Each structure stands twice: as structure tokens, then as C-alpha cells.
Amino acid sequence: MSDISNKNTHWVNENEWNPDSVTKLTAEQERYYQASQWQLMWWKFRKHRVALISGIFLVTVYFSLLISEFLNPYNPNHRHTDYLYMPPQEVHFTHEGEFIGPFVYGTKGEFDLKTWQWIYEEDISDIQKIRFFCSSNDYAGAEYEFWGGLFTGDTHLFCPAPGGQLFLMGTDRLGRDMLSRMGYGGRISLTVGIVGIAISFFMGITIGGIAGYYGGFIDSTIQRVIEIIRSFPQLPLWMALSAALPVTWSPILVFFGLTIILGMLDWPGLARAVRSKLLSLREEDFAVAAHLMGASPKRIIMRHLMPSFMSHLIASASLSIPAMILGETALSYLGLGLRPPITSWGVLLNEVQNINDIVLHPWLIVPMISVVLVVLAFNFLGDGLRDASDPYK
């Protein structure tokens with residue numbers, strides 16, 4: 001009997017508790033343990049330097065889209081008929097050992113009837129200084145309608161010299177400035193990705209949430225529909241649906257139609273990810289407690305379950321946007337997406353389908369570099385967000 005009582009007894013320290021005897025957390029440790037999940041994600045994301053630089057680059061690019069009219073020297077549709085297929089001009093800072101500042105030499109061109117090509121030569125006696133923050137409407141193509149006609153203006157970040165020309169990326173077959181067309185084209189191509197991912201997210205979260213929360217017959221039906229959609233080859237399906245758009249539609253309607261197509265075909269992958277997460281989270285104690293307290297399925301999904309893996313959704317979005325940008329570029333390149341007078345990177349690349357154009361005028365393929373840089377930046381950003389989405393590891 002004594003052995004049993006000895007086993008049930010435990011030792012109690014009757015001395016007064018001394019708080020100084022406990023090791024205290026440092027300020028840095030206390031800050032870490034009291035931080036929210038979003039703060040932990042941000043701290044971990046900052047350590048991913050490539051992803052951080054990519055994020056800054058993308059923010060800069062998207063901000064520049066808001067002021068494309070100001071940043072680019074010309075109206076994208078203005079034709080310089082005396083400068084067809086003109087190669088990019090080189091920017092100089094010194095002339096014969098004297099510092100002058102950024103300038104370009106005047107260029108004279110003539111059409112060679114033997115080779116059927118434009119030949120341009122620099123005139124080093126004609127120094128054309130580049131002007132900055134110029135607001136005088138003293139050269140062709142300076143005027144523009146800001147944000148589609150909100151108001152008109154002619155102020156630009158940089159302009160050619162009075163009576164001169166400035167084509168830093170050359171011109172196309174109609175004499176239109178390639179740099180200005182790339183700036184305006186980015187507004188369309190990058191907007192397609194943002195609007196398309198908004199549509200895809202809405203459908204993916206809604207359909208995937210219903211399948212994951214209810215399960216059973218509803219889940220099986222939705223999974224079969226997803227499997228049918230994903231069984232079609234992606235690019236031919238895009239081409240078929242894009243070709244079905246009426247040719248009589250205005251460019252704006254074609255833009256929205258293409259965006260909706262890209263968004264509606266991208267949701268199955270996200271829906272499956274949401275469904276798998278909800279299947280594992282709906283049995284957690286906090287979800288069961290919310291259900292017992294009378295919360296509606298919509299509130300349980302949106303207020304309790306979704307925030308638990310919102311970081312995963314953000315990472316998925318950053319990786320899905322470049323796929324939509326590439327989709328728009330591919331369709332426009334093939335002539336089944338956006339069409340002139342709308343300017344996008346895919347429309348610009350559509351003009352260099354002939355190998356002879358690439359050989360004779362290689363600067364026309366420069367929009368491809370913009371597509372590559374933006375897609376790589378989104379992929380690097382997505383990798384960083386995916387690593388930071390679980391800050392406790």
C-alpha cells in the first residue's frame with residue numbers, strides 16, 4: 001500500500017517564485033514569436049533576393065503602364081513615312097572629345113532600287129540633343145489621348161530635337177516607333193494576365209471550394225468536368241475558341257473575349273488545389289466549431305478555410321499570370337488573338353513571321369525580350385512566394 005502511495009505523490013517546490021530565475025527572451029526573439037503569419041512571410045521573402053528584385057521590377061513595369069503616354073516619345077500609330085525600317089539610333093554623349101550630353105546624330109535614308117531596301121547613314125555634322133520633360137507640341141506624333149481620351153496632352157519624358165527624329169528601337173514597315181509601340185503594347189499584354197487571373201481565381205476558388213467542402217456526388221461531378229477540360233490540348237483549344245470570336249467585333253470586345261477565354265480555361269488547376277486543401281481542413285476543430293455554431297458554408301469557406309492557405313493561392317497566381325501572357329502572345333502571333341489597331345506584344349511579333357524580316361530587320365523582334373523578362377520575373381517571384389508561403393519551415 002505504501003508503494004502505491006509513493007508512486008502517486010509528487011514533489012512540490014514551496015519556495016517563492018522568482019521571476020528573475022527564468023531566462024528572458026531577447027527583443028528579437030520576442031518580435032519573432034509575436035509576429036503574424038504575413039510578417040513572417042515578408043521576412044522570409046526579403047531573403048530571396050532574386051524574387052525581391054523581380055517583384056520590384058514587376059511593380060515598376062506595371063506602374064509604367066499607367067503613364068505610357070508620358071514615358072514614350074511618340075504616338076504608337078503615328079507613321080514616319082521618311083523612316084521606314086529605320087534601325088535603332090545610337091545615343092552618344094561626347095562629340096569629338098567634347099561632352100555634349102545625350103544626343104543622336106541625324107540620319108538620312110534612301111531606298112535602294114537594286115536591293116529593294118532602305119539604307120540609312122548618320123550625318124555626324126547634325127547633332128540632335130535629346131530633350132527631357134518636353135511639353136511643346138513641335139514635332140509630329142507628340143500629341144496623345146491620356147487613358148483612352150480622359151484628356152489630351154503632349155508632354156513626354158524625353159523628346160527628339162526640334163526638327164529631328166528619335167528612334168531608339170528603330171521603326172517598323174510603316175515607320176512607326178518600335179519603342180513607343182512596345183510601351184503601349186505592354187499595357188494590353190500585361191492587363192490580359194491580371195484580368196484573366198481574376199476570372200480564373202473567382203471560378204477556381206468558387207468551384208474548388210464547393211467540391212472540397214461538400215464532397216460526395218458534387219465533388220465527383222466537378223472532378224469529371226475538370227478532367228474533361230484538361231484532356232484537351234491547351235493551345236489548340238485556345239485557337240479554336242479564339243477563332244470562334246466574330247470578326248465584326250470591335251478591338252475592345254475581342255480583348256475582353258480573349259481575356260475571358262484565357263481565364264475560363266485556367267481555373268481547373270486552381271480548383272483542384274483548393275479542393276484538396278478544403279478536404280483536409282474541413283475536419284479541423286475550428287471548422288467543425290464554426291459549423292456547430294450555425295455558420296453558413298459560404299462563411300466557413302471564405303472566413304475560416306480560405307485564409308489558412310491564402311499564401312498558397314498568392315503563389316499560384318504569380319505562376320499563372322505568365323502563362324496567360326504567353327497565351328495572349330501566342331494567339332496574337334498566330335493571328336487568332338488581338339488584331340490591329342490594338343497594339344500588344346503578340347501583335348508586334350505577328351509582323352515578323354517571315355524569316356527574311358528577322359534577318360534584314362532584327363530589331364523588330366525586340367518585343368520578344370520584353371515577354372521573356374516579364375515571364376522570368378513572374379516565375380522568380382512565384383518561387384519566392386512559394387518558399388515564403390510556409391514561414392514556419
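Quick note: residue numbers are just sequence positions, from 1. Everything numeric here is computed off the predicted structure, so don't read it as measured data.
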Going through the checks in order, is the salt bridge (charged side-chain N to carboxylate O under 4.0 Å, His left out) test met by Lys44 and Asp387?
CA-CA 8 Å; Lys44 190 172 183 180; Asp387 295 340; over 6 Å; no
Discussion item. Can you confirm whether Leu376 is buried at CG, in the sense that more than 12 heavy atoms of other residues, nucleotides or ligands lie under 6.0 Å from that atom?
Written reply: yes
*asked:* Determine whether Trp249 and Phe256 satisfy the following criterion, side-chain contact (heavy atoms from CB on, under 4.5 Å), listing intermediate values before the conclusion.
replied: CA-CA 11 Å; Trp249 278 12; Phe256 282 108; over 6 Å; no
For Phe63, is the CZ atom crowded, meaning more than 12 foreign heavy atoms sit under 6.0 Å from it?
no
| task | Establish, yes or no, whether a centroid distance under 6.0 Å links the rings of His48 and Phe380. | result | no
Contacts of Arg272 meeting side-chain contact (heavy atoms from CB on, under 4.5 Å) (sequence neighbours excluded), chain-then-number -> Gln223, Ile226, Glu227
Across all chains, not counting sequence neighbours, the side-chain hydrogen bond (donor to acceptor under 3.5 Å, both in side chains) partners of Asp126 are Gln128
What side-chain donor-acceptor pairs closer than 3.5 Å can you find for residues 86-97, not counting sequence neighbours?
{"unit_1": "Gln89", "atom_1": "OE1", "unit_2": "Phe167", "atom_2": "N", "d": "2.7"}
{"unit_1": "Gln89", "atom_1": "NE2", "unit_2": "Tyr105", "atom_2": "O", "d": "3.4"}
{"unit_1": "His95", "atom_1": "ND1", "unit_2": "Tyr105", "atom_2": "OH", "d": "2.9"}

Val225 and Ile260: same hydrophobic cluster, using ILVMFWY side-chain contacts below 4.5 Å?
yes
Exercise for review: Keeping the roles fixed (side chain from Asn72, backbone from Ser68), state whether a donor-acceptor pair exists under 3.5 Å.
Suggested key: yes
| query | Does the pair Arg181/Asp172 count as a salt bridge with the N-to-O cut at 4.0 Å? | reply | yes
Query raised in the report: Taking side chain as C-beta onward, heavy atoms only, is Ile100 less than 4.5 Å from Lys129?
Result: yes
Test side-chain hydrogen bond (donor to acceptor under 3.5 Å, both in side chains), reference Tyr74, set Glu143, Gln165, His80, output is Gln165
* Just wondering, do Met178 and Val366 contact through their side chains at under 4.5 Å, heavy atoms? -> no
Donor-acceptor pair, distance only, cut-off 3.5 Å: does the side chain of Thr107 make one with the backbone of Glu122?
no
Task: Check: Tyr120 and Lys108 side chains under 4.5 Å, non-hydrogen atoms - done: no
query: Does the side chain of Asp219 reach to within under 4.5 Å of the side chain of Tyr214, using non-hydrogen atoms?
result: no
message: Tell me if the CZ atom of Phe111 is crowded by more than 12 foreign heavy atoms within 6.0 Å.
response: yes
>> Is it the case that over 12 heavy atoms from other parts of the model lie below 6.0 angstrom from the CZ atom of Phe132?
In response: yes
(Q) In the structure I gave you, are the side-chain heavy atoms of Thr155 and Tyr144 within less than 4.5 Å of one another anywhere? (A) yes
Show your working on side-chain contact (heavy atoms from CB on, under 4.5 Å) between Tyr85 and Asp357 and close with a plain yes or no. CA-CA 10 Å; Tyr85 282 131; Asp357 290 332; 4.2 Å; yes
Task: Verify same cluster id: Val372, Val374 (apolar side-chain graph, 4.5 Å) - done: yes
Exercise. State whether the side chain of Arg131 and the backbone N or O of Pro160 hold a donor-acceptor pair below 3.5 Å, judged by distance alone.
Key: yes
Interatomic distance, CZ@Phe255 vs CZ@Arg339, rounded to 0.5 Å, equals 14.0 Å
Legend entry - Any side-chain heavy-atom pair of Leu349 and Ser332 under 4.5 Å: no
N/O donor to acceptor pairs below 3.5 angstrom from side-chain atoms of residues 188-210, sequence neighbours left out:
{"unit_1": "Ser189", "atom_1": "OG", "unit_2": "Gly185", "atom_2": "O", "d": "3.4"}
{"unit_1": "Ser189", "atom_1": "OG", "unit_2": "Glu328", "atom_2": "OE1", "d": "3.1"}
{"unit_1": "Ser189", "atom_1": "OG", "unit_2": "Trp345", "atom_2": "N", "d": "3.1"}
{"unit_1": "Thr191", "atom_1": "OG1", "unit_2": "Arg187", "atom_2": "O", "d": "2.3"}
{"unit_1": "Ser200", "atom_1": "OG", "unit_2": "Asp266", "atom_2": "OD2", "d": "3.2"}
{"unit_1": "Thr206", "atom_1": "OG1", "unit_2": "Phe202", "atom_2": "O", "d": "2.7"}

Review point. Are any non-hydrogen side-chain atoms of Leu245 and Ile261 less than 4.5 angstrom apart?
Key: yes
Taken in chain and number order and not counting sequence neighbours, the residues that satisfy side-chain contact (heavy atoms from CB on, under 4.5 Å) with Gln117 are Thr115, Leu360
Residues pairing under disulfide bond (SG atoms under 2.5 Å apart) where one sits in residues 323-372, two or more places apart or in two chains, turn out to be none
| query | More than 12 foreign heavy atoms under 6.0 Å from CG of Asn356: is that the case here? | reply | yes
Here the pair of heavy atoms bringing Pro340 nearest to Val347 is CG-CG1, 4.1 Å
Under 30°, 30 to 60°, or over 60°: which ring-plane class applies to Tyr62 and Phe378, parallel, tilted or perpendicular? perpendicular
| Would Val59 and Leu66 show up in the same hydrophobic cluster when neighbours are defined by side-chain heavy atoms closer than 4.5 Å? | no
- Query: Is there a side-chain contact (heavy atoms from CB on, under 4.5 Å) between Leu168 and Phe158 once you walk through the steps?
  - Reply: CA-CA 11 Å; Leu168 300 182; Phe158 59 95; 4.0 Å; yes
Q) Would Leu258 and Leu331 satisfy side-chain contact (heavy atoms from CB on, under 4.5 Å), going step by step from the backbone distance to the final call? A) CA-CA 9 Å; Leu258 182 62; Leu331 292 175; 3.3 Å; yes
**Request:** Using a 4.5 Å cut-off on heavy atoms from C-beta on, say whether the side chain of Leu364 contacts that of His361.
**Result:** yes
Does Thr343 use its side chain to pair, donor to acceptor, with the backbone of Tyr184 at less than 3.5 Å? no
Q | Under 3.5 Å donor-acceptor, Asn350 side chain and Tyr333 backbone | A | yes
Atom CZ of Arg224: over 12 foreign heavy atoms under 6.0 Å: yes
**Asked** Taking everything shown except Arg303 itself, do over 12 heavy atoms lie less than 6.0 Å from its CZ?
**Response** no
Nearest heavy-atom contact between Trp118 and Asp82 is CZ3-O, 4.3 Å
Between Pro73 and the options Cys159, Cys134, Ser180, the side-chain contact (heavy atoms from CB on, under 4.5 Å) test singles out Ser180
To the nearest 0.5 Å, atom CZ of Arg176 lies from atom CG of Leu348 at 8.0 Å
